[in-house]
Protein chains: 4
Amino acid sequence: MTTIDARPTHTVEVGYDEFCGALAAHDLKALWSMQTQLMPEVPIPSTRPWLWRWDTIFPLARRAGEIVTIERGGDRRVLALANPGLGGLPYTSSTLWGAIQYLGPGEAAPAHRHTPSAIRFVLVGSGVYTTVNGDACDMEPGDLVLTPYWNWHDHNHHGSEPMVWFDGLDLPLVATLESIFFENHRDRVQEVLGRNLSEGLYTGVGLVDPSLPSPDEHSPLLRYRWSETEKALESLAAARGGPMVSVEYRNPVTGGPVVLTFTCEMSRIFPGARTPSIRRTGSTIYVVLHGRGRSVVDGIQLDWGPGDIFVSPSWAAVDHEADEQADVFMISDRPVLQSFRLYREETLPEAQVVDEVFSPR
Amino acid sequence: MTTIDARPTHTVEVGYDEFCGALAAHDLKALWSMQTQLMPEVPIPSTRPWLWRWDTIFPLARRAGEIVTIERGGDRRVLALANPGLGGLPYTSSTLWGAIQYLGPGEAAPAHRHTPSAIRFVLVGSGVYTTVNGDACDMEPGDLVLTPYWNWHDHNHHGSEPMVWFDGLDLPLVATLESIFFENHRDRVQEVLGRNLSEGLYTGVGLVDPSLPSPDEHSPLLRYRWSETEKALESLAAARGGPMVSVEYRNPVTGGPVVLTFTCEMSRIFPGARTPSIRRTGSTIYVVLHGRGRSVVDGIQLDWGPGDIFVSPSWAAVDHEADEQADVFMISDRPVLQSFRLYREETLPEAQVVDEVFSPR
Amino acid sequence: MTTIDARPTHTVEVGYDEFCGALAAHDLKALWSMQTQLMPEVPIPSTRPWLWRWDTIFPLARRAGEIVTIERGGDRRVLALANPGLGGLPYTSSTLWGAIQYLGPGEAAPAHRHTPSAIRFVLVGSGVYTTVNGDACDMEPGDLVLTPYWNWHDHNHHGSEPMVWFDGLDLPLVATLESIFFENHRDRVQEVLGRNLSEGLYTGVGLVDPSLPSPDEHSPLLRYRWSETEKALESLAAARGGPMVSVEYRNPVTGGPVVLTFTCEMSRIFPGARTPSIRRTGSTIYVVLHGRGRSVVDGIQLDWGPGDIFVSPSWAAVDHEADEQADVFMISDRPVLQSFRLYREETLPEAQVVDEVFSPR
Amino acid sequence: MTTIDARPTHTVEVGYDEFCGALAAHDLKALWSMQTQLMPEVPIPSTRPWLWRWDTIFPLARRAGEIVTIERGGDRRVLALANPGLGGLPYTSSTLWGAIQYLGPGEAAPAHRHTPSAIRFVLVGSGVYTTVNGDACDMEPGDLVLTPYWNWHDHNHHGSEPMVWFDGLDLPLVATLESIFFENHRDRVQEVLGRNLSEGLYTGVGLVDPSLPSPDEHSPLLRYRWSETEKALESLAAARGGPMVSVEYRNPVTGGPVVLTFTCEMSRIFPGARTPSIRRTGSTIYVVLHGRGRSVVDGIQLDWGPGDIFVSPSWAAVDHEADEQADVFMISDRPVLQSFRLYREETLPEAQVVDEVFSPR
C-alpha cells in the first residue's frame, strides 16, 4: 500500500514573491497573509445596515405591475432588496432574502415548489389567497403566511386593488449550502382542497388534535392572522410593560420556529423610551407595519415609517425608539446560529451613540 | 398610528430599461430576470470538482517552512486549498476550508481560539502535540485531532522532522453566518495539564464514565488514533465486505458528529470494483492517506495517490475505485444539511460515464 | 482478587417441595412456576374497568364538607377513586390517581408542593382560585388548571357555593418510582403575585414571547379556560367531522404534554355513531363534563352522564357512543408508554360485542 | 346538553364512621386519613436494602439444575431475588427484576421475545451463546449481553460446565405500566445468522459505520466483553484516581443507556478509603464480580464477596469500601427518573453511621 512520501522528487528554490506566484498558480493561498481578515476578533460582516423606503419601493413595484407580466420562467413579480455590502448579490443579508412582491387584481403567480423556505408578510391590499399544498390561505394586511420548504404554492388575486407583501427567504443560506432544488407544478394553479384549513385545525393555545401528524420541518399552521397577533401583543404589553414587547411565531406542535432556518417575530414598540442596545450574532430584516420611529444600528440611525424595510448585520448593536406606537415584523437567522452554538448576545451597558443618520438612495 | 399608504405621492412613468436603472439606483433587483439562475431545478454549485497533488503542495509547503516564520498575526504556516470556482476566496468548498499546515522541528504555532471549529488529520511526520484546553494530544500519521469551537489550541513540535497535516474547518460557513470571533491566548503556548487526557477517559466502545459531563457542542474525545481507526475498518470489512467500508468519527457521549458543523469519516477502498455512483447534497473534501485509485465526480475523473486532496461539490455524482487498497479521509458538511432537512441522497442506476480526466495545475 | 467460586462448600440434596421451601426461606422465587402469569401474551391488567357515579360521589363529597375540616396534615378534602382491582390501594389505575375535591365557601386548602404532578378539572361551582407559584388561577367549570411537579399551590374559595373538581395525579407512578417528596409552605396561603398571569403571557396560537424561558418540565400555561377549549373543539368538528373530535392540552412552548407523566385531552362526542373500538397500552380516566352516552371497555358497557368518572385499563378495547352531544375530559399515562417505546395501538376490525352492563356500587 | 347537577336528589346524613363505611362501599377513599403516608416528606420505599449470598443461591441454582428441566411454559431456569419489602412479589426493587439463571451443558433455553428488556451479566462458566435476532453472542464471565425489548432470544449451552449469570429486567416497571407482551418463537431455537456480529460492527471508540441504522430503542451493540470493560476501568483509574471509578455501558450510536428503562454500570473499588455517602432517587441492584468489601445502605452494613447480589432502595444513603480490589456491576432505573425530572442526588456531608450489620437468611 503506497504511503505518503515526505521526500518528493523536486525542491522549490524561489524567493517570496515567486513563491506567492507559485501558490496562486496551483490554487493555493497563504493563510498568514490574511489571517486577521479571515479571523477577526469580532465579526466583520459584509452585510451593511441598510434601509429601503416604502416611498421608493412601492412606486417601482407599481410600475413593475404595469410593465411586467407574470409568466413561467419569471414566476413572480418580485423586487429583491439587495444589500450593497454583498457585492451585487440580490440578498438582503448574507443568509436572508428580503423582497417586495406585487400582484395585481386577476393575476396569479404560478404554482411551484423549492427547497428554500419562504414566508409572506402582507403590507397592503386584500383579495389574495396563497394556496399551500391545497390549503388556500387568505392574506390580509399584517398576516403571516408560510410557504415552507418543498411545499407547492401559488398566489391568486381575486380582489380589486393591487396587493403588496414582503417575501422573506433563506435563499442565500441554501445557496451557500448548494442545495437549491426547484420544480414547477404540472398545473399553472394547483387544486384548492379547502380554505384556511390549517387555521381551523389549530385554534386554541396549547390545544392540539393528537391524531394530526407532528411535522418538525415547519409549522403546520400556515396562516398567522394579524388580529390574533395583535391580541397577543396587547396581552403581553399589559402583562409585562416596557418600551417593547415581542411575540415569536412558532410551530404550535413542536414549539420550534415556523421554518427551521429562520424565525419570524412581531414587536410592538411604545413611544417614550429607547430599548437597550443589544448585539446578537445573526442578521435581521425589519418590516415596519405601523408607526414611526428610529433604530440605531452600529451607530447609524435609521429613521422609519410604515412600509419601510431595513436590515441589521450580525453582531451590530441595535436599539429602537418609537415616535408613535409601532408594529415591526422581523425575520432572523437566529435558529441557524443556535443550532451550531454560534449564537451570542450582549446588552451594552449604555445606549450607543449615533454617529451618522442613514440617508437611503 | 400611521399605517402603510398604498397611494404614494408620486408615480413612476418610465420604460423597461429606465425602470431597471431605477431599481439598481435604489438597491433593488428584479427576480424575474434571474429566477432560473437563483432557483435552478437542481443545485448548480459554485464549488468545482478539483484536486491538489501532494507532489505540488508538499514542495511548496516545505519551501514555506524555509522562508516564512510563525508569528503572532500570522499564527499558522498554512496553505489553503482555494477552489477556483469560488471567485478567489481561500475556501475549498462553499462551506469548508481545507488546507495543509507545515510545522518544523522546534517550532510552535501560538495559542489562540476561534468560533470556527477545526480538525487536524496528520499526513507525515511525528513529534508534534496539539494542546487543546490543556490536554496535549500527540499527533501521528493517520490520527485525527480536534480543536473545536472556542477551544484554546496551539501546536508544538518536539521532533526532528517536519510535520504536515491537513486542516479542515467550517470557516466558510461561519463566515457566511458572520459569526467569527477570535482571541489570542495571553501566553504564546498554553499550560499543559496532561498528555492525551481525553484518550484516557474514553477507552472502550460504549463505555462512558457517567460522572463526566456530556458536552453536546463537540466530542470530548480529542484524539482519534489511527491504530484504532484501522482496527475498526478491518473489523467492518470482515463483517460487511464490499468495495468500500467507512467509519464516521463520532462524539462517544452523544453519538453526534465530532463537531456540530461537519462530519469526519475514514473509508477503506478495496481494489477490484467501483463503488456505486451517489449524489448527495453537501460538499466533501477527500484526503488520501494510503493507496492509489480514482474517483469520478460529475463525469470528471480524478486520479489520486497518497497525500492528494480533492473536493466534490453538492449533488455531484461520486464514485471511487482503488488500484490498490486505499484509505481516504473525508470531511463533509452533511450535519448542516441534515439539521435543516436539506440532505438528499440518490444512487444512480448505473455507473456514471467519464467525460474528462482532470489535469491539475 | 477473589473471584466467584463455582464449587461451593456445600451441596443441596432435597426433593422439589423442600427445594421450594428453601427458595422461600432465602427470598428467592422460581420463575418457571409463574412464567406465564408474569409474562402473559398480552397485558393482563390489575386495573379494572370501573365507573363512579356523580349521584354517588357528590352527596358523599358534600357530606365530607360538613363533617371534615381542612387542616395541616390532612391538607385537602379529597375522595380518591379506588379501583377495586388494585388490592385496596387508593389508585384509580396502576399509574394514575383520580379523585374528587370539595371546597366550601371561605375555605382554603393550604399551600404545599410535591413531586407528583397534579391537574384540576373543574366540575361545578365558581369563586375558587388556585395559586401556583404566585399565579392565582381562576377556576370555572370545564377549566383545566395545572399544579405540576414541585410547584407551590393552594386553593382558595371566595365564592358562595361549594366547588367540586376532579384531581388527576401521577401519584401511583411516582410511588412505584419511590420518588415522592413533599413540603409544606411556610405560610398557610402563599402570596399572590398576580391573577391569571400565565394566561396573559400565552394568548395566541403559536405566538410565544421569545424572552420567556422554555420550561420543558411542564407547561408554563397553567390555566386552560373552557371557552377556549370549546372553541377549538367546534373548529375541529367543523374541519374534520366524525363522531368524535379531540384536543390534547399541550405545553405551548415545547409541544409536549402539560406534565411529563400524563396527558390531558378533551373529546366532544356527537350522537349518531359509535366510535371505532381501539386498544391502547396505558390506562385512561374519563370525566364526563356534559352529555350522556356509553362506553364499552373490554366488553363491559359503562353508561355515563354528567359528573360520572370511569377508567379503562391498558390494552382494553374502548369505544364511545353519545346519546346527546357530550364533552369528556381524559387523562392518560400515554407519554410514559411512549417514552419507553411501550406504546401500542390497534383498531379492532369491527365493533366489540357487549358482554355485560356495568352496575356501579 | 345535560350538565352536572350540583343539587342531587338525595342527601347523606351520617356520622363519621358510617360516612367512612359509605366511602368504602362505593370504592372511595378519604385522602385526609392517609395524606402523610401517601405524600411523605422524603421517599419511604417499600424496597428494602437486602443481600443474597452466592453461597446460598448457587447451591440452590445447582440443585434446580438437577431437578428442573427447561421446557416451553417454564422457558427459563431462573431464581428471582424477591425483596421481602414488596409483599411477596418476585421483584428485587419496585422497578427492577434481578435473578440468577442456571444453564447446564447441552441445554437450551427456548426462543421467545417480550416487551420487558433484559440484560445478562455472566458470573461463572463458559460455552453459552445467546442468540439475539440471529446474532449469536458468546458469553464469558464479566460479559454483559443485551436481550432488549421485543428482540427474539434464546440461550444455548455447548460447553462442559454449568453456567450461571445474573438476569436484570425492567419487568416490575413494565408490569406497573400494564404493558407486558410475550411471544414464543415458532422454532425452539432461532436460526443463527452469525457469531458476535454486533461486536464486529462497533469496534472503535466513537467510530461508527454511518450506513448502519441508528436505533434509539436500545444499543445495537449486544455484547460488552469483560476484557474491554476492564481496560476502560484501568484507564479511567489511571486518569482519575480515587477509591472508585465507574463506566456506564451506553448505546455507542446515541450515547443513551443500553436499554431505555435502566442503566448498566461497572465500578472498580479500590481498598483504602470509603466512598462518599450519596442518596439518589431510584433503586440499584449490585452484583459482585470480584473482590470483597462492604456497602452501607441507610445505616445497614452489607458485607459482600464474589457472586453476592444486593439492592439499595430509592433515596437510601449508599457508600462502599473494598477490602481488596473489587469489581461491582450495577443496574439502576435512573433513566426513568431522569425522563420525568424525578432524579435527585445528594452527597451527605459526612460518612453515614452504621446502625446494623445485615445478616442474610
Side-chain angles (χ1 to χ4, degrees), chain A residues 144 146 194-212 214 216 219-240 242 244-258 263-267 330 332 334 345, chain C residues 144 146 194-212 214 216 219-240 242 244-258 263-267 330 332 334 345:
Chain A
L144 173 67
L146 312 182
R195 203 90 178 181
N196 302 313
L197 296 175
S198 76
E199 269 197 305
L201 297 176
Y202 299 94
T203 49
V205 177
L207 297 172
V208 174
D209 177 351
S211 69
L212 290 173
S214 293
D216 69 351
S219 174
L221 175 59
L222 298 171
R223 181 191 182 194
Y224 293 77
R225 201 183 280 244
W226 169 243
S227 58
E228 295 296 313
T229 308
E230 182 161 42
K231 204 173 62 181
L233 289 168
E234 283 166 357
S235 174
L236 260 185
R240 293 170 66 84
M244 182 166 95
V245 290
S246 301
V247 289
E248 184 179 348
Y249 303 82
R250 295 271 184 95
N251 180 330
V253 183
T254 66
V258 288
T263 182
C264 300
E265 292 183 24
M266 175 66 72
S267 296
M330 312 176 191
S332 157
R334 195 175 61 227
E345 185 179 311
Chain C
L144 172 69
L146 311 182
R195 203 90 178 181
N196 302 313
L197 295 175
S198 75
E199 268 196 305
L201 297 176
Y202 299 94
T203 50
V205 177
L207 297 172
V208 174
D209 178 350
S211 71
L212 290 172
S214 293
D216 68 352
S219 174
L221 175 59
L222 298 171
R223 179 191 184 196
Y224 293 77
R225 199 182 280 244
W226 168 244
S227 57
E228 295 296 313
T229 308
E230 181 161 43
K231 203 174 63 181
L233 289 169
E234 282 166 358
S235 175
L236 259 185
R240 294 170 65 85
M244 181 166 96
V245 290
S246 301
V247 290
E248 185 180 347
Y249 302 83
R250 296 270 183 93
N251 180 328
V253 183
T254 67
V258 288
T263 181
C264 300
E265 292 183 23
M266 176 64 73
S267 295
M330 311 176 192
S332 156
R334 196 174 61 229
E345 183 179 313

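Heavy atoms only: backbone and side chains are in, while hydrogens, waters and symmetry mates are out. In what follows, chains carry the letters A, B, and so on, assigned in the order in which the sequence lines appear, proteins first and then strands, with residues in each chain numbered from 1.
With contacts defined as side-chain heavy-atom distances shorter than 4.5 Å, the pair C:N251/C:P220 qualifies. Inter-residue side-chain proximity for A:E228 and C:V205 is flagged as unmet; no heavy-atom pair is nearer than 4.5 Å. For the pair C:R223/C:N196, a side-chain contact is recorded, criterion being any heavy-atom separation below 4.5 Å from C-beta on. Proximity of C:V253 to C:Y202: side-chain heavy atoms (C-beta onward) are separated by under 4.5 Å at one or more points.
By the side-chain contact (heavy atoms from CB on, under 4.5 Å) test, C:S211 pairs with A:R240, C:D209, sequence neighbours left out. By the side chain to side chain donor-acceptor pair (under 3.5 Å) test, C:T229 pairs with no residue at all, sequence neighbours left out.
With a 4.5 Å cut-off on non-hydrogen atoms, A:A239 touches chain C through its side chain but not through its backbone. Neither the backbone nor the side chain of A:E234 has a heavy atom closer than 4.5 Å to any heavy atom of chain C. No part of A:L197 comes within reach of chain C, as not one of its non-hydrogen atoms sits under 4.5 angstrom from that chain. Contact of A:L212 with chain C is made through the side chain alone, with heavy-atom distances under 4.5 Å. For A:R334, the part lying under 4.5 angstrom from a heavy atom of chain C is the side chain only.
Of the listed residues C:V258, C:V245, C:V208, the one with more heavy-atom pairs under 4.5 angstrom with chain A than any other is C:V208. Between chain C and the residues A:G255, A:A238, A:P210, the largest count of heavy-atom pairs under 4.5 Å involves A:P210. The choice from A:A232, A:C264, A:G256, A:S219 that makes the most heavy-atom pairs within less than 4.5 Å of chain C is A:A232. Ranked by heavy-atom pairs under 4.5 Å with chain A, the first of C:E199, C:E248, C:E265, C:K231 is C:E248. The candidate from C:S246, C:P252, C:G194 with the greatest count of non-hydrogen atom pairs under 4.5 Å with chain A is C:S246.
Of the possible donor and acceptor atoms, one in the side chain of A:Y224 sits under 3.5 Å from a partner among the backbone N and O of A:R250.
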